[in-house]
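Take a look at the structure set out below.
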Amino acid sequence: MHISGAEAVIRCLLAEGVDLIYGYPGGAIMPVYDELYKFQNDLNHVLTRHEQGATHAAQGYARTSGKVGVAIATSGPGATNLITGIADAQIDSTPMVCITGQVGSHLLGSDAFQETDIIGISTPVTKWNYQVTRAEEIPEILSRAFYIARSGRPGPVLVDITKDAQFGMLDFEYKPCTGIRSYLPVPTLDQSQVTAAAEAINKAKQPLIVFGQGVILGNAEAEFKAFVEKSGIPAVWTILGLSALETSHPLNKGMVGMHGNYGPNLLTQECDLLIAVGMRFDDRVTGRLDAYAAQAEVVHLEIDPAEIDKNVHADYPVLGDCKQSLASLIELVTPKKLDSWLARFDELYAKEYEVVIEKDTKPTKEGLTMGEVIVAVNKAAGSDAVIVTDVGQHQMIACRYAEFVRSKSNVTSGGLGTMGFALPAAIGAKMGAPDRQVVAVIGDGGYQMTIQELGTIFQTGVAVKILVLNNEYLGMVRQWQQLFFDRRYASTEMTNPDFVTIAKGYHIPAQKVTERRDLTAAIQEMINAEGPYFLEVVVEKEDNVFPMIPTGASLNEIRLQ
């Protein structure tokens, strides 16, 4: 088949099973868009209102579908607008392929119109990138791109294609990539490492499991649950690990980290063995590193060799795909009776409930709290819903109080903390899981960073439910200013527009709630809506998120108020 490079791009996507891409056209990518027009019955393109929105939508799609998300943009500012989403995908291990147009190869380095060195710019935040300058390179490079993006520890890949390569002709043949010399995405499991880890687990008196997104990325939820249940060991999660194990499971003891639960944080400092599964010991989880679980030995199940000993020393590293590692461990671990150890979690939860949780979820004060709104969403949407959160106080509250029974239900920006993530990510999440209810929970600050994606929702009709918790502040920054900067609220108070009118301008049904008596009915109406829906809930202006571990403090210094 003798075809153009632009047509080859489309045929490569189809060969990889791609049926949905997000993007924004422009001069340097126009040949690909021209071919896309011809293949529109086979490949659905969603026109976002900003290239950043395309990457976040591709992330949301990848996170709920388990497939590789695809975003496409033109050169120059189109390409640079992808960078925030690419960086977000890199740190959160989200499989994504970004395709950018580029000026003709004869113009490279000449400061031509809309030319930027996107390869140089994106190198620090991609798993791999490549610039195509000849049409005949396209099939092999795109095949590699998808293989690299999805294999091992997933991540974003960027392929930059010059305009002459898109116009150039080639004899097309597509061969899916099955391996690359020197790239070993999944380390070979060393059974001696598994045996040593199992022996340590079987000897431990007060073990604790901390699980992250690696369980979800490895499709290891069933093996993980079997490991937890056979061993009888309490398990706690990072925010990206949330939903890998149902929140109601008796051995699921809550969230660790800066705004995590009281018991999981304090008892990290008392366990004699810490079993880390598919997590990277982020600073938000560990607090002060030299004081983190210093009394404990560490078992670390991890697919990426670079994460072993990077932040926390692993006494028992187990390199490999955690689906395989856990299956091997299950055979060797013996059931434990940990009644007194588990009772410690119950005691500390009771204290946290009295001081924090009851006030968050069953408030007596006049203003609405973020916690009670999330509880109302749980009741209306059911535990099978996907919750997509932006970044800030509402994110921590949603992670603390959302209830999940199914994996891939929590979609959030974890490592990069990207405000503006939720609205476009919810579009992708719904398209990746069209059978599920998708609720975007967003603060009034982050919402306005990508509010233009309401246009994408209007044009596509995607049934995303948008819930904005409006406290008229950049809430998390304001909380820190209150606690650590003597209430000097520098540039954190928001003068907001009429969000309901804006939503209605995009023909999205909308309402605003200011009183508790109206909350339940309004949330139910949002959930029952067949198409998209916008709901603004005005919450307490100075409602804080606790517990909290101050930056640079140890987990022992967690504050309940």
Side-chain angles (χ1 to χ4, degrees), residues 193-194 196-218 220-257 260-282 285-286 292-293 295-303 307-308 311-312 314-318 320-346 348-349 404 407 555:
Q193 291 184 336
V194 177
E199 288 174 356
I201 292 168
N202 290 335
K203 285 190 298 186
K205 304 298 183 187
Q206 295 185 161
L208 178 63
I209 299 166
V210 182
F211 63 96
Q213 190 186 205
V215 175
I216 298 170
L217 295 173
E221 295 93 341
E223 289 81 2
F224 179 71
K225 185 175 182 179
F227 170 65
V228 170
E229 291 181 343
K230 182 179 180 183
S231 67
I233 299 172
V236 299
W237 38 268
T238 69
I239 65 167
L240 291 181
L242 174 57
S243 86
L245 180 68
E246 59 264 35
T247 48
S248 61
H249 194 286
L251 289 171
N252 186 336
K253 298 301 180 183
M255 181 166 74
V256 290
N261 294 103
Y262 195 53
N265 277 306
L266 283 181
L267 296 180
T268 295
Q269 306 296 79
E270 295 183 21
C271 69
D272 58 0
L273 184 72
L274 186 68
I275 306 157
V277 183
M279 56 85 72
R280 60 188 180 85
F281 292 109
D282 176 75
V285 167
T286 63
Y292 178 73
Q295 77 294 337
E297 288 191 307
V298 174
V299 172
H300 194 177
L301 277 62
E302 176 58 52
I303 198 169
E307 294 296 345
I308 299 293
N311 293 328
V312 172
D315 301 281
Y316 304 98
V318 181
D321 185 327
C322 68
K323 189 176 183 74
Q324 186 182 357
S325 305
L326 287 165
S328 296
L329 261 183
I330 290 166
E331 300 296 319
L332 300 176
V333 297
T334 54
K336 291 182 176 292
K337 194 167 177 61
L338 299 168
D339 292 350
S340 59
W341 176 232
L342 292 170
R344 291 278 290 124
F345 286 88
D346 295 338
L348 292 169
Y349 178 82
F404 299 118
S407 185
L555 304 193

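Keep in mind the model is a prediction, meaning the values are calculated, not measured.
Taken from OG1 in T286 to CG in L555, the straight-line distance is 7.0 Å, to the nearest 0.5 Å. Here the CD1 atom belonging to I308 is positioned 11.5 Å from the CD1 atom belonging to I303, to the nearest 0.5 angstrom. Note: I233 CD1 to L208 CG = 9.0 Å, rounded to the nearest 0.5 Å. The distance from the NE2 atom of H249 to the NZ atom of K225 is 5.5 Å, given to the nearest 0.5 Å. Here the CD1 atom belonging to I201 is positioned 7.5 Å from the CD1 atom belonging to I209, to the nearest 0.5 angstrom. With rounding to the nearest 0.5 Å, the separation of OG in S325 from CD in E302 is 10.0 Å.
Put simply, the side chain of N265 gets close to the backbone of G257: a donor and an acceptor are under 3.5 Å apart. For the pair W341 (side chain) and K205 (backbone), a donor-acceptor distance under 3.5 Å is absent. In terms of modelled atom types and a separation under 3.5 Å, the side chain of Q213 and the main chain of G241 share no donor-acceptor contact. Under the 3.5 Å distance criterion, the side-chain polar atoms of Q206 are matched with a main-chain donor or acceptor of E270. Here the side chain of Q295 pairs a donor or acceptor atom with the backbone of C271 at under 3.5 angstrom. A donor-acceptor pair under 3.5 Å links the side-chain atoms of N252 to the main chain of G254, judged by distance alone. With hydrogens and angles disregarded, a donor-acceptor distance shorter than 3.5 Å links the side chain of T247 to the backbone of F404.
Among all heavy-atom pairs drawn from G218 and D321, the shortest one is O-OD1, 4.2 Å. Taking each heavy atom of V298 and L273 in turn, the nearest pair found is N-CD1, 4.3 Å. Between G232 and L342, the closest heavy-atom pair is O-CD1, 4.4 Å. Between L274 and V210 the shortest heavy-atom distance is CD1-CG2, 3.4 Å. The heavy-atom pair separating P207 from D272 by the smallest distance is N-OD1, 3.5 Å. When all heavy atoms are compared, the tightest approach of F211 to A244 is CE1-CB, 3.8 Å.
Counting heavy atoms from C-beta on, the side chains of I216 and S243 come closer than 4.5 Å. No side-chain heavy atom of Y292 sits under 4.5 Å from any side-chain heavy atom of N311.
No donor-acceptor contact under 3.5 angstrom links the side chains of E307 and H300, judged on distance only.
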Check against side chain to side chain contact (heavy atoms under 4.5 Å, CB included), D282 and T238: CA-CA 9 Å; D282 176 75; T238 69; over 6 Å; no
Candidate pair K253 and N261, rule side chain to side chain contact (heavy atoms under 4.5 Å, CB included), full reasoning: CA-CA 8 Å; K253 298 301 180 183; N261 294 103; over 6 Å; no
Candidate pair W237 and L245, rule side chain to side chain contact (heavy atoms under 4.5 Å, CB included), full reasoning: CA-CA 9 Å; W237 38 268; L245 180 68; over 6 Å; no
V236 vs L267, side chain to side chain contact (heavy atoms under 4.5 Å, CB included): CA-CA, chis, key distance, verdict: CA-CA 10 Å; V236 299; L267 296 180; over 6 Å; no
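A tilted orientation is assigned to the rings of F224 and F227, their planes being inclined by 30° to 60°.
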